[in-house]
Visitor: 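Please see the structure below; I have some questions.
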Amino acid sequence: MQVISFGQAVDRAIEDAMVRDETIVLIGEDVPMLRAPLFARFGADRVLAAPISEAAFFGAAAGAAMAGLRPVVELYMVDFIAVALDAILNHIAKLEAFSGGKWRAPLVVRAPSGAGYGDGGQHGQSLWGSLASIPGLTVVVASTPADAYGLMTTALAHDGPVIFMEPKLLSEECLEFLGRGGRDTVTFDVPADGGRGVVPDPPHAIPFGSAAVRREGADLTIASVAVGVHRALAAAAILESDGISCEVLDLRSLRPLDVKTVVASVGKTGRLLAVDEDYREYGLSGELAAVCLEAGLSPRFDRVCVEDTLPYARHLEKAALPNVDRIIRAARELVNA
Amino acid sequence: MQVISFGQAVDRAIEDAMVRDETIVLIGEDVPMLRAPLFARFGADRVLAAPISEAAFFGAAAGAAMAGLRPVVELYMVDFIAVALDAILNHIAKLEAFSGGKWRAPLVVRAPSGAGYGDGGQHGQSLWGSLASIPGLTVVVASTPADAYGLMTTALAHDGPVIFMEPKLLSEECLEFLGRGGRDTVTFDVPADGGRGVVPDPPHAIPFGSAAVRREGADLTIASVAVGVHRALAAAAILESDGISCEVLDLRSLRPLDVKTVVASVGKTGRLLAVDEDYREYGLSGELAAVCLEAGLSPRFDRVCVEDTLPYARHLEKAALPNVDRIIRAARELVNA
Amino acid sequence: MDLPHLYRQMLRARAYELAVEDLWNHGFISGEMHLGTGEEAVAAGVVTQLGDGDGLALTHRCSPALVVRGVPLAPMLRELLGAEDGLCGGRGGHMHLFSKEHLAATSGIVGASLPTAAGFALANSRLRPGAIAVAFTGAGAMNQGMALETLNLAVAWRLPLVIICIDNGWAITTTSDSVTGGSLVERAQGFGMRAETVNGRDVRAVYKAAAKQIERARCGKGPSFLLATCPRLDGHFLGDPLIRMANKPIAEGKKVFGSVLSSVVSRGGGGLADRAGGVTQMMSVMAKARRSGTRERRGDPILAVYKTMNKHEAERDRIDAEVAAEIEAAVAEALADVGEGSDG
Amino acid sequence: MDLPHLYRQMLRARAYELAVEDLWNHGFISGEMHLGTGEEAVAAGVVTQLGDGDGLALTHRCSPALVVRGVPLAPMLRELLGAEDGLCGGRGGHMHLFSKEHLAATSGIVGASLPTAAGFALANSRLRPGAIAVAFTGAGAMNQGMALETLNLAVAWRLPLVIICIDNGWAITTTSDSVTGGSLVERAQGFGMRAETVNGRDVRAVYKAAAKQIERARCGKGPSFLLATCPRLDGHFLGDPLIRMANKPIAEGKKVFGSVLSSVVSRGGGGLADRAGGVTQMMSVMAKARRSGTRERRGDPILAVYKTMNKHEAERDRIDAEVAAEIEAAVAEALADVGEGSDG
Ligand SMILES: Cc1ncc(C[n+]2csc(CCOP(=O)(O)OP(=O)(O)O)c2C)c(N)n1
Ligand SMILES: Cc1ncc(C[n+]2csc(CCOP(=O)(O)OP(=O)(O)O)c2C)c(N)n1
Ligand SMILES: [Mg+2]
Ligand SMILES: [Mg+2]
């Protein structure tokens with residue numbers, strides 16, 4: 001049992017798998033420096049620096065996966081997936097279907113996501129909703145080091161394509177690189193249990209499609225992923241003193257979604273608050289509403305999400321993100337109205 | 001009053017607007033031939049043939065819109081937006097927010113969408129759910145020639161970016177080009193009222209965010225867009241003889257969504273069937289569920305959507321699309337269960 | 001270079017396409033069916049040089065290369081028919097034919113064959129040294145970002161990749177040169193890539209040029225680019241309106257020109273020069289389509305290779321007969337149980 | 001060429017950046033702050049030649065060009081501070097500075113300045129003949145598909161576009177040449193575009209080279225590409241770990257090397273050669289960063305232009321004083337009410 005950082009947990013899951021499986025290669029811009037320990041251990045043959053050509057190296061990673069490698073392909077941030085989407089949407093996600101089930105290709109996309117360090121609207125999106133809408137993909141989002149290790153381990157053993165999202169605000173390494181830059185004059189609202197945590201030893205893989213109940217409660221289900229889970233837990237602690245008992249679900253896997261756990265929880269509490277750092281409309285919050293209605297539930301429902309392009313100014317950004325205040329307000333309204 | 005085809009209606013709306021407004025230009029692959037009448041009337045200065053470089057010419061169209069033109073930029077099919085998404089997601093959609101509201105840019109994306117003519121899974125997607133999740137965009141989908149004219153006219157007068165989706169199965173011109181190719185040995189299940197129809201004279205613009213109630217009913221609301229609307233109407237006619245009275249909504253505009261009309265209808269019927277040619281998860285059907293729950297409604301709910309990569313074979317494709325049979329089955333279950 | 005073998009492969013590809021055309025005309029094949037007629041010399045000249053482990057990434061115009069590669073014909077045809085026992089279970093279709101066994105993939109997205117092949121090449125360099133990958137691409141596709149990026153990527157990573165770019169003069173209704181700056185060979189060279197041009201109608205020339213590039217790739221000397229010029233014999237796809245207009249200018253042309261003419265004479269719009277310019281350009285595209293699109297025998301590579309086989313007349317006759325029989329059998333097998341896949 | 005004017009513009013750009021650095025160090029600026037120190041000669045040499053209606057599309061490293069273009073300084077600074085009366089209401093930020101009035105736009109997406117500028121050029125060709133557009137881009141960005149596509153698009157459409165590509169040798173921690181095939185000038189020429197290279201530290205050379213290309217564009221002779229080589233004085237962004245390591249190798253390097261070393265000696269993984277290769281390459285990147293990243297005065301274009309102003313000493317002193325005062329005033333104005341925009 002060892003307390004490590006979120007970023008270390010991801011790196012370690014990759015490192016451990018690379019030792020076991022020689023077909024795993026790492027591809028991305030600057031990976032020799034960004035993943036220096038891996039580069040030093042496995043060399044330039046397995047840790048490949050790419051030009052700023054996401055469309056080509058994502059497409060190539062897909063081809064390499066079809067031909068027997070297991071590439072982990074990195075984006076600097078998920079926002080930049082827009083230049084490489086074709087490889088994902090029209091190629092890697094469709095291979096299994098197009099080949100009549102005869103050809104599957106293992107590919108893990110490692111994509112830092114999310115805001116909270118004042119980098120503006122092109123560098124703080126989550127976009128998991130849109131990605132999770134694509135048949136043929138698996139989309140997972142970890143919120144703790146243990147889950148990061150466990151989900152990445154499962155991803156690396158999976159025979160189809162997986163999008164692994166890595167919330168930047170939980171990664172000390174990302175934050176240091178993109179936000180702090182060695183200063184002690186800035187602060188970030190990093191959820192303590194997200195940024196560092198125990199990874200069990202030996203660490204275990206976490207299956208896709210299994211949500212975690214982070215806190216049990218009776219009055220209200222708050223379902224979220226990533227940073228939102230920690231905001232929800234913080235809100236739940238405060239709401240408790242109001243006499244509102246919240247159940248907090250960490251969905252972890254958006255595609256497949258753990259419908260059973262969601263339905264069981266909402267069936268019990270009768271109320272659902274979706275907390276999502278991705279955009280509000282046509283995304284995760286809607287999907288949660290749909291699976292509840294499909295299950296015959298009719299919960300009281302609200303959602304705390306990002307509603308517009310993320311603003312740069314830190315006070316505006318904070319207000320735009322699903323923060324503890326917004327969650328508390330919405331929760332109170334749901335329970336008291 | 002004149003009966004014209006869906007494709008003619010779109011072209012005519014553009015042609016009429018191009019006469020009124022000299023800043024409208026048309027950009028796309030093959031547009032001199034695909035839009036021959038416009039090319040012949042307005043010349044190569046206003047109807048620009050583009051290389052197969054969607055990322056560049058979408059980005060350029062965005063720049064041109066910022067600098068005073070009103071580009072209509074064409075995709076062969078919305079599936080190909082994957083190579084040009086960055087211009088839309090990270091640039092044109094965010095301009096207004098990024099500039100603090102000081103800069104808006106008028107741009108219309110004309111994107112044929114949808115399946116039904118056996119062209120395989122990279123050429124039959126709808127993808128409007130993902131597009132409608134992006135703040136800063138307007139996303140509209142017409143289902144009749146009159147609406148096509150009306151929505152395109154509104155789009156061309158709008159000061160921000162608009163995605164205008166043109167269901168291929170409703171466009172004789174698209175179908176002839178992509179599917180029939182002069183043969184009389186193939187048939188397509190084209191909804192009669194979608195493919196041809198009356199465009200009022202003078203035609204009128206249709207405001208964004210206004211759904212149309214295509215059929216009134218008491219037991220069940222079926223909400224859809226594009227071809228789905230026609231399938232729903234056909235199903236409703238059959239369900240009527242079962243004693244099931246369906247209200248059919250044509251949403252027309254996905255962003256903004258006409259929440260009021262949806263809520264009013266579902267409030268009345270207490271049942272909602274979402275019919276969507278786009279993917280089932282994390283899309284339109286979920287958003288409809290969410291707006292109902294948010295409004296305090298708790299309808300019985302189901303959805304008939306595309307659940308996987310669209311198969312090529314026409315019998316498999318037909319089964320995968322929201323067809324009349326699937327709608328009828330779902331509707332009966334909703335009403336009788 | 002085994003000329004009879006190349007002849008046989010070209011003929012197989014052509015005969016396959018003619019069978020496809022027939023099936024398409026009868027309504028057994030849906031959507032956009034792109035034929036590779038006219039490209040047989042390139043397919044044969046390149047693909048006969050591939051062996052075990054070599055990868056092949058193709059475009060919407062993929063049949064000649066797949067036929068030459070030895071992908072079984074009846075399953076391919078059944079795939080086009082939409083049969084659930086087709087090559088891809090009827091789920092892929094004409095633009096999405098996959099054979100894992102042959103490391104062969106196709107895509108309907110213009111430009112996508114390059115990154116895919118680069119990935120095949122990367123995996124081969126790690127897993128099967130000496131094995132390479134080949135991308136086929138159209139010339140129009142060389143304006144697509146991912147294709148251009150791949151020129152650089154392949155050089156930067158020194159991939160065992162050979163890019164075969166077929167310039168048939170067209171991208172659907174647009175003549176390639178009207179939207180393409182510079183020359184594609186110089187473009188590839190500008191990325192530091194070996195590049196040359198070859199007459200794509202001449203199977204021997206293609207074979208030789210490809211042999212050099214394939215050899216380089218196999219020895220780890222990096223990627224190269226071969227521009228093969230080639231006629232487009234059948235328009236962009238079956239039913240191409242330009243070709244129909246070229247063949248029946250009055251009946252087919254009328255439909256288009258009716259609306260064009262009414263637009264041209266409408267009030268409002270461009271000045272006289274703009275309008276005249278537009279119409280002139282359209283006429284010239286049409287005229288070019290007519291010249292190139294009428295199965296002009298002169299440009300047909302099959303004819304050229306047929307002549308070179310004059311010395312081997314008996315063998316040629318035998319090959320002709322065997323290929324005809326092979327394709328006939330494949331079609332018969334494909335059509336064995338046809339109800340399911342056909343229209344609707 | 002008005003050398004004192006160029007000198008003033010370069011100095012303004014530099015002084016602005018130094019002020020930004022100071023604000024950043026104090027925690028007033030969040031996220032990634034990319035300075036354009038070292039690029040002032042390019043900004044001044046090109047942007048002083050722009051006039052009414054000309055468009056300007058920039059990258060994440062945008063300040064020098066915006067300062068020279070005359071975008072008001074205090075609102076720009078207030079934008080960086082996140083103030084709601086900043087240039088973009090605090091909603092854009094350092095990578096998204098927009099001035100509609102100046103037809104100036106920036107983007108944090110690598111490569112995006114090219115298509116945007118192409119669009120500005122297109123609109124200008126239609127609406128304001130004689131007006132042009134300029135794209136600034138980094139050399140690393142010239143591997144991005146949309147940038148490459150735009151080389152072709154601009155030629156095909158004969159756009160009044162000038163592309164200024166700054167080669168500072170780096171893309172974050174990657175040396176540009178290690179992932180770039182060929183030479184960028186030949187690459188642009190391969191698309192049929194006029195292209196040349198210039199010493200980006202020499203403002204007079206930049207001015208002259210840009211003048212020719214801008215003139216061509218204004219006369220409708222089409223696009224061109226100017227590769228300006230230029231040092232990177234301050235690393236990729238403020239707080240760049242490579243620079244910090246270069247400056248404090250022991251304190252900063254330790255953090256990185258601890259985990260690297262423990263990986264290097266772990267069981268499993270690559271062979272000795274692979275490991276040695278990895279470590280060697282990392283050391284060499286670090287060494288290069290140290291050489292280029294220590295504000296080495298030799299490469300500083302400000303120093304060069306300062307010397308050329310030796311003949312105009314009095315004027316130089318006056319300019320120095322005026323610029324210092326201007327920036328000081330802008331900072332003071334920007335900081336007037338600082339609570340709101342600051343950290344958190
Ligand atoms: C990204 C993308 N854009 C557009 C299309 C539509 N499209 C299909 S084929 C084609 C022309 C391709 O021309 P070329 O590469 O020369 O190949 P050819 O058809 O001439 O063999 C186009 C534009 C597409 N399939 N994918
Ligand atoms: C599409 C995209 N990919 C990656 C990044 C991350 N990124 C930001 S700047 C940069 C390096 C750019 O190098 P160059 O173009 O040479 O400009 P420089 O920073 O050297 O001025 C990268 C990779 C990005 N912003 N956008
Ligand atoms: Mg072509
Ligand atoms: Mg650089």
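Chain letters run A, B, ... following the sequence lines, proteins first and then strands; every chain starts at 1.
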Visitor: Drop me the distance from D/I172's CD1 to A/M33's CE, to the nearest 0.5 angstrom.
Guide: 12.0 Å
Visitor: For residues D/A171 and A/D30, report the shortest heavy-atom separation together with the two atoms involved.
Guide: O-OD1, 3.3 Å
Visitor: Looking only at heavy atoms, what is the nearest atom pair of D/S263 and A/E15, with distance?
Guide: OG-OE2, 2.8 Å
Visitor: Please indicate whether A/E22 has more than 12 foreign heavy atoms, meaning atoms of other residues, nucleotides or ligands, lying under 6.0 Å from its CD.
Guide: no
Visitor: Taking all non-hydrogen atoms of both residues, which atom of D/V260 and which atom of A/A40 are closest, and how far apart?
Guide: CG1-CB, 3.5 Å
Visitor: What part of D/R275 gets closer than 4.5 Å to chain A, counting heavy atoms only: side chain, backbone, both or neither?
Guide: both
Visitor: Within residues 104-112 of chain D, which residues come under 4.5 Å of chain A, heavy atom to heavy atom?
Guide: D/S107, D/G108, D/I109, D/V110
Visitor: Using heavy-atom distances under 4.5 Å, tell me whether A/L34 contacts chain D through its side chain, its backbone, both, or neither.
Guide: neither
Visitor: So which part of D/I29 gets closer than 4.5 Å to some heavy atom of chain A, the side chain, the backbone, both or neither?
Guide: both
Visitor: Determine yes or no for a side-chain-to-main-chain donor-acceptor pair under 3.5 angstrom, with A/T185 supplying the side chain and D/N25 the backbone.
Guide: yes
Visitor: Using non-hydrogen atoms and a 4.5 Å limit, figure out which bit of A/F42 sits close to chain D: side chain, backbone, both or neither.
Guide: both
Visitor: Measure across A/H315 and D/G82 and return the closest heavy-atom pair with its distance rounded to 0.1 Å.
Guide: CE1-O, 3.2 Å
Visitor: Check the pair D/T174, A/E29 against side chain to side chain contact (heavy atoms under 4.5 Å, CB included), reporting the backbone distance first and the verdict last.
Guide: CA-CA 8 Å; D/T174 301; A/E29 291 148 24; 5.9 Å; no
Visitor: Between A/D119, A/L316, A/D45, which has the largest tally of heavy atom pairs under 4.5 Å with chain D?
Guide: A/D119
Visitor: Any idea which of D/G140, D/S266, D/G277 has the most non-hydrogen atom pairs under 4.5 angstrom with chain A?
Guide: D/S266
Visitor: On a heavy-atom basis, which atom in D/F237 and which in A/F177 lie closest, and how many Å separate them?
Guide: CZ-O, 3.3 Å
Visitor: Is it the side chain or the backbone of D/T180 that comes within 4.5 Å of chain A heavy atoms, both, or neither?
Guide: neither
Visitor: Kindly give the heavy-atom pair with the smallest separation between A/I52 and D/A141, and that separation in Å.
Guide: CD1-N, 4.3 Å
Visitor: Taking every heavy-atom pair that is under 4.5 Å apart, which of A/V19, A/V83, A/L178 has the most such pairs with chain D?
Guide: A/L178
Visitor: Between A/G43, A/P51, A/A82, which residue shows the highest count of heavy-atom pairs closer than 4.5 Å to chain D?
Guide: A/P51
Visitor: Could you tell me whether a side-chain N or O of A/R41 sits under 3.5 Å from a main-chain N or O of D/G268, the two making a donor and an acceptor?
Guide: yes
Visitor: List, one per line, each side-chain donor-acceptor pair under 3.5 Å for residues 89-100 of chain D, sequence neighbours excluded.
Guide:
| residue | atom | partner | partner atom | Å |
| --- | --- | --- | --- | --- |
| D/H94 | ND1 | D/E32 | O | 3.4 |
| D/H94 | NE2 | D/S30 | O | 2.6 |
| D/H94 | NE2 | D/E32 | O | 3.3 |
| D/H96 | ND1 | D/G92 | O | 3.0 |
| D/H96 | NE2 | A/Q122 | OE1 | 2.8 |
| D/S99 | OG | D/H102 | N | 3.4 |
| D/S99 | OG | D/H102 | ND1 | 2.6 |

Visitor: Which region of A/R20, side chain (C-beta onward) or backbone (N, CA, C, O), has a non-hydrogen atom less than 4.5 Å from a non-hydrogen atom of chain D, or is it both or neither?
Guide: neither
Visitor: Can you say whether A/A50 sits under 4.5 Å from chain D via the side chain, the backbone, both, or neither, judging by heavy atoms?
Guide: backbone
Visitor: Tell me, for D/M33 versus chain A, whether the close heavy atoms (under 4.5 Å) come from the side chain, the backbone, both or neither.
Guide: neither
Visitor: When you measure from the side chain of A/R183 to the backbone of D/G239, do you find a donor-acceptor pair of N or O atoms at a distance under 3.5 Å?
Guide: no
